[in-house]
Amino acid sequence: MNFANQLVQWYHENKRDLPWRHTTNAYIIWLSEVILQQTRVEQGLPYFNRFLAAYPTVTDFANASEDEILKLWQGLGYYSRGRNMLKTARLVRDEYKGNFPDTYQELIKLKGIGEYTAAAISSFAANEARAVVDGNVYRVLARYFGIDEPINSTKGKKLFQQLADEVLNKEQPGLHNQAMMEFGAVICKPKNPACGICMVRLGCEAFKTNATTQLPVKLKTVKVKERFFNYFLITDGNRILMNKRTGNDIWTGLYDLPLVETPTLPETHEIVTLPQVKAYFGPKLEIEEAFGLQKHVLTHQRLIVRFVKVKSKPVLFEPDWFYVDIEKLHKLALPKIIFKFLTNFFKFENNSLFSN
DNA sequence: AAGGCGGGGTG
DNA sequence: CACCCAGCCTT
């Protein structure tokens, strides 16, 4: 029995029971696949359940507003996934009569669906013979076949896709794809792979040469930028001044507070002297309360965040600023750090800002 | 081809 | 602390 078929047999005996494995509904599979992009199963699972309950069909999804989608997406990260899903759902509603495509050719055209997701949906929903290549598959193939070509170089991506196509079981591609990924997630893990109980270790090049820790090879790590955020809390206890984030920065489409970003972190008493702050609040700004610094770590950015509550009201309003009733705050999608701060400040129940 | 995009888990 | 996670889009 070859390598791939051994994995399928292992999968039959050891697979986790996950809700999206009980359906061939392309919409439901799409939902799960996009949620799981760059996201662990355990983290994505509750979001999948909430989304499916809120939007049982792609037309239900398409009829939602972007605010509603982002609110439900709150805390999951990579929010462009949610925004792209809405575009795709509306296109499926309007151009495909609400029938979600299940062929690779059609799927690859849709916003937010790349090679991996198109292969996943078409193989799971329609048993189309397309090999998925995700982080798990890169790792399994690199180790088993002892390939040290970087997985994120153009040459490497092509090579691994070809190899995945070669080993693909064309009779049951969906099962094969699931098995490859499940095996990578459960046995052939990034760190401390479970080689001791691995059924293919005798054929594994990395195991034979003791190279599992060296593979797969990946080029260059992301450099982390430091940014300094000064957030202004302006509230009378009934309303609060909020900001809708636009453009190409982080958290596009989500809501935070009036913000002045600075190249370094000013002392609290220096905030008043910042030109941008003077522009917003006039020459004399009254700081009512300064809160402790918070660090917020993203994959590619390190945010040093200071919140200050001010008495003064702005004399200059950005177009994206608006007052909202505190009771309506729970409808807005908030970045994690804003969510935590507001929950703590207003002494909301732990989850009252989470749902709409 | 390279850079940007969240938040959480792991060792 | 570094690395990784059922990747994709823009430039």
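Chain letters run A, B, ... following the sequence lines, proteins first and then strands; every chain starts at 1.
- Atom CD in A:Gln74 sits about 13 Å away from atom P in B:dG6, given to the nearest Å.
- Nucleotide B:dG6 holds its C1' atom 16 Å from the CD atom of A:Gln294, rounded to whole Å.
- A salt bridge between A:Glu288 and A:Lys309 is present, with a side-chain N of the basic residue lying under 4.0 Å from a carboxylate O of the acidic one.
- Using P as the reference atom, C:dT11 and B:dG6 are 15 Å apart when rounded to the nearest Å.
- Both A:Ile250 and A:Lys155 sit near DNA chain B, but only A:Lys155 has its closest nucleotide nearer the 5' end.
- A:Asn192 comes within contact range of the sugar-phosphate backbone alone, with a heavy-atom separation under 4.0 Å but no base atom that close.
- Each of A:Trp10, A:Phe3, A:Tyr11 was scored for a ring-ring contact (aromatic ring centres under 6.0 Å, His included) with A:Phe183, with one residue passing: A:Trp10.
- Following rounding to the nearest Å, A:Leu45 (CG) and B:dG8 (P) show an atom-to-atom distance of 16 Å.
- OP1 or OP2 of B:dG7 has at least one side-chain nitrogen or oxygen of A:Trp251 nearer than 4.0 Å.
- In summary, A:Asp236 and A:Lys313 do not engage in a salt bridge, as defined by a charged side-chain N under 4.0 Å from a carboxylate O.
- The shortest distance between the side-chain N/O atoms of A:Lys225 and the OP1/OP2 oxygens of B:dG4 is below 4.0 Å.
- The separation between A:Leu298 atom CG and B:dG3 atom C1' is 15 Å, rounded to whole Å.
- A salt bridge links A:Glu42 with A:Arg16: the closest approach of a Lys/Arg side-chain nitrogen to an acidic carboxylate oxygen falls below 4.0 angstrom.
- Rounded to an integer number of Å, the gap from CG of A:Leu334 to P of B:dG7 is 11 Å.
- A:Lys189 has its NZ atom 15 Å from the C1' atom of C:dC3, to the nearest Å.
- Salt-bridge check for A:Asp256 with A:Arg245: passed, with a basic side-chain N closer than 4.0 Å to an acidic carboxylate O.
- For the pair A:His300 and B:dC5, the criterion of a side-chain N or O lying under 4.0 Å from OP1 or OP2 is met.
- Rounding to whole angstrom units, CG of residue A:Leu219 and P of B:dA2 are separated by 8 Å.
- A salt bridge does not link A:Glu95 to A:Lys109: none of the charged nitrogens lies less than 4.0 Å from a carboxylate oxygen.
- For the P atoms, the distance linking C:dA6 with B:dG4 amounts to 24 Å, nearest Å.
- Annotation: A:Trp321 is not in aromatic contact with A:Phe232 [ring centroid separation under 6.0 Å not met].
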### Task
Sugar-phosphate means primed atoms, P, OP1 and OP2; the rest is base. With that split, encode nucleotides 4-11 of chain C 5' to 3' as B, S or - using protein heavy atoms under 4.0 Å.
BBBBSSS-

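- Here the C1' atom of nucleotide B:dG6 and the CG atom of A:Leu70 are 13 Å apart, to the nearest Å.
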